[in-house]
Amino acid sequence: MRIDIISIFPEYLGALDISLIGKARRDGLLDIGVHDLRDFTHDRHRTVDDTPFGGGAGMVMKPQPWKEALDSLVGRADSGRPRLIVPGPSGRRFDQQLARELAQEPWLAFACGRYEGIDERVYEYAAGTLGLTVDVVSLGDYVLNGGEVAVLAMVEAIGRLVPGVVGNPESLVEESHEDGLLEYPVYTKPAVWDDGTVVREVPPVLLSGNHAAIAQWRHEQRVRRTAERRPDLVHPSLTGVDLDDLDVRAATPADVPELLVLTRACWLEEVAEVAPRWRGPNESLAEHTAALTEWQTWVVRSHGRLIASVRARRKPGEPHRWWIARLMVAPDQQGTGLGRALLAHAEAQAPADITEFWLNTGRWRAANQRMYKKAGYRLLPGSSEVHEVAVDLVKPRR
Ligand code: SAM
């Protein structure tokens with residue numbers, strides 16, 4: 001990967017000679033060129049700034065030295081053009097995702113601003129006349145004196161993703177932000193360490209040699225740490241929903257597209273293995289919409305996402321029975337108690353004259369049947385003769 005950096009303080013970028021990035025330069029993995037913007041001035045004082053039009057404090061970087069510096073990069077190119085990154089607090093936030101994206105580029109150029117920034121026409125020139133992709137990128141919501149520190153951070157984050165720069169590529173996989181979570185706590189020898197006041201031990205699971213248990217512990221630590229330090233990063237599927245305060249609402253036609261997706265996700269296995277002729281998952285949007293008038297349907301949302309649903313109605317020909325159907329919980333939310341809570345909700349909605357709840361489930365769906373059993377349902381005698389692939393279950397209303 002080729003990287004060019006233009007700055008009025010080229011010596012600031014000397015840190016790129018050190019450690020892994022320095023080694024990658026020496027090994028030829030990163031070809032980093034640092035250029036002094038003042039080399040593209042023509043006056044005795046090598047002036048790069050002037051006062052702002054319209055007044056105001058501070059100075060602005062003049063356009064001509066920038067044009068000449070960029071021309072010298074692009075003009076010298078035998079092939080291709082760099083993607084131009086201009087560090088600035090008003091830009092897109094730099095993060096691991098952008099680092100990964102930029103690590104794919106064969107050539108990056110960085111333009112380090114100083115003072116109040118660079119004359120706006122330089123951006124227009126770079127994008128318009130030179131045809132470069134120009135991104136203004138911010139290191140964070142604070143103001144630095146110049147772009148050099150931001151470039152050091154970005155080049156380090158991008159450079160270590162270039163194959164070969166970090167010796168063991170596996171060490172990149174589990175790091176903070178790679179999959180949206182922060183890293184788990186890490187420990188090294190000794191296993192028991194006396195800090196002079198307290199004897200501190202490494203969590204025993206890490207010494208157990210049980211790799212599955214270690215992986216589970218680390219995952220839990222990552223979720224906990226992310227929730228504590230960066231709640232903005234935690235996906236709602238990881239924190240679960242508050243069963244005592246479920247957001248259950250009557251479904252409307254606006255819910256239908258998501259209901260269709262949920263239906264397909266929940267009955268994928270059922271259809272593949274058990275009931276290939278059952279139409280449920282193949283129902284169209286129109287059929288799902290029509291079902292809203294035949295059934296009372298409820299949906300559960302968490303952070304805006306539809307994660308569960310159930311429907312019920314009086315059973316045709318058996319008006320004392322409340323027929324509960326299509327109890328669906330998104331695959332990543334199963335096992336959280338949400339299904340049980342939603343079942344209880346559907347039961348509670350039954351009209352006063354209902355004396356029995358009735359539902360059916362796949363004959364080979366042992367986990368479902370266990371859940372219904374725990375909720376008080378019993379196999380309806382003779383039901384196994386009625387269906388090829390399902391069983392009927394009933395529960396008297398108390
Ligand atoms: N007047 C500018 C503004 O308010 O957006 C701030 C200019 S700042 C004092 C000077 C230079 O520092 C910028 O041109 C940019 O190169 C760099 N800089 C400052 N804060 C930065 C940040 N959060 N991320 C990236 N670069 C930053």
Side-chain angles (χ1 to χ4, degrees), residues 1-16 21 30 32-41 45-74 82-103 105 107-128 130 132-161 176-177 229-230 232-233:
M1 174 188 249
R2 177 174 169 187
I3 295 174
D4 287 285
I5 304 164
I6 307 167
S7 160
I8 59 167
F9 294 118
E11 60 277 23
Y12 220 122
L13 285 313
L16 296 174
I21 299 295
L30 298 176
I32 302 181
V34 179
H35 314 275
D36 188 344
L37 183 69
R38 293 193 197 274
D39 289 349
F40 303 93
T41 57
H45 301 291
R46 307 200 341 137
T47 311
V48 292
D49 60 316
D50 212 328
T51 53
F53 278 119
M59 302 293 270
V60 174
M61 297 189 104
K62 292 156 68 68
Q64 187 63 22
W66 279 109
K67 171 197 152 47
E68 292 185 25
L70 292 173
D71 284 352
S72 84
L73 279 187
V74 174
R83 179 161 168 183
L84 181 63
I85 308 295
V86 187
S90 57
R92 165 181 175 186
R93 264 288 262 284
F94 187 71
D95 59 14
Q96 191 67 13
Q97 191 189 339
L98 184 54
R100 275 195 298 267
E101 183 188 321
L102 295 177
E105 297 282 350
W107 185 7
L108 296 173
F110 291 89
C112 299
R114 282 264 153 186
Y115 318 115
E116 290 313 312
I118 303 170
D119 188 303
E120 192 65 23
R121 291 166 294 180
V122 173
Y123 300 83
E124 295 164 13
Y125 173 74
L130 294 180
L132 306 183
T133 301
V134 181
D135 299 274
V136 180
V137 178
S138 169
L139 210 55
D141 294 339
Y142 41 80
V143 179
L144 303 165
N145 288 333
E148 290 76 9
V149 166
V151 169
L152 286 174
M154 288 191 253
V155 169
E156 184 152 314
I158 296 163
R160 66 200 298 283
L161 298 176
S176 297
H177 302 294
R229 298 183 184 173
R230 293 292 305 277
D232 55 308
L233 294 178

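Only a predicted model underlies this, so the values are computations on that prediction, with no experimental measurement involved. Order of appearance sets the numbers: ligands from 1, and atoms from 1 within every ligand.
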Test of proximity, [X] against ligand 1: N or O pairs below 3.5 Å:
X      : result
Gly140 : yes
Glu116 : yes
Cys112 : no
Val143 : no
Tyr142 : yes
Gly146 : yes

Heavy-atom distance under 4.5 Å between the side chains of [X] and [Y], does that happen here?
X      : Y      : result
Ile158 : Glu105 : no
Met59  : Thr51  : yes
Met154 : Leu98  : no
Leu70  : Val122 : yes
Pro63  : Tyr125 : no

Numbered atoms of ligand 1 (with element) below 4.0 Å of [X], judged on heavy atoms:
X      : result
Val137 : 25 (C)
Leu139 : 22 (C), 23 (N), 24 (N), 25 (C)
Gly113 : 11 (C), 14 (O), 16 (O)

Starting from [atom], locate the nearest protein heavy atom and write down its residue, its atom name and how far away it is, to 0.1 Å.
atom                    : value
atom 25 (C) of ligand 1 : Gly88 N, 3.3 Å
atom 10 (C) of ligand 1 : Tyr115 O, 3.2 Å
atom 15 (C) of ligand 1 : Pro87 O, 3.2 Å
atom 19 (C) of ligand 1 : Leu144 N, 3.1 Å

- Selected option - heavy-atom contact closest to atom 5 (O) of ligand 1, from Ala111, Pro89, Pro52: Pro89

Output side-chain donor-acceptor pairs under 3.5 Å for residues 113-121, partner residues at least two apart or in another chain, one line each.
{"residue": "Arg114", "atom": "NE", "partner": "Glu148", "partner atom": "OE1", "Å": "3.0"}
{"residue": "Arg114", "atom": "NH2", "partner": "Glu148", "partner atom": "OE1", "Å": "2.9"}
{"residue": "Asp119", "atom": "OD1", "partner": "Arg121", "partner atom": "N", "Å": "2.9"}
{"residue": "Asp119", "atom": "OD1", "partner": "Arg121", "partner atom": "NE", "Å": "3.0"}
{"residue": "Asp119", "atom": "OD2", "partner": "Arg121", "partner atom": "NH2", "Å": "2.7"}

- N/O donor-acceptor pair under 3.5 Å between Asp95 side chain and Gln97 backbone: yes

- Under 3.5 Å, is there a donor-acceptor pair between the side chain of Thr47 and the main chain of Asp49? no

Should the proximity of [X] to ligand 1, defined as any heavy atom under 4.0 Å, be assigned to the side chain, the backbone, both, or neither?
X      : value
Ala150 : side chain
Asn145 : backbone
Asp141 : neither

- Could you walk me through whether Leu161 and Met1 pass the side chain to side chain contact (heavy atoms under 4.5 Å, CB included) test, one step at a time? CA-CA 11 Å; Leu161 298 176; Met1 174 188 249; over 6 Å; no

- Task: Apply side-chain contact (heavy atoms from CB on, under 4.5 Å) to Tyr142 and list each qualifying residue two or more places apart in sequence or on a separate chain.
- Result: Leu139, Leu144

- Note on the structure: Smallest heavy-atom separation, Arg83 atom then Asp135 atom, equals NE-OD2, 2.8 Å

- Message: Please determine whether any non-hydrogen atom of Phe94 lies less than 4.0 Å from an atom of ligand 1.
- Response: no

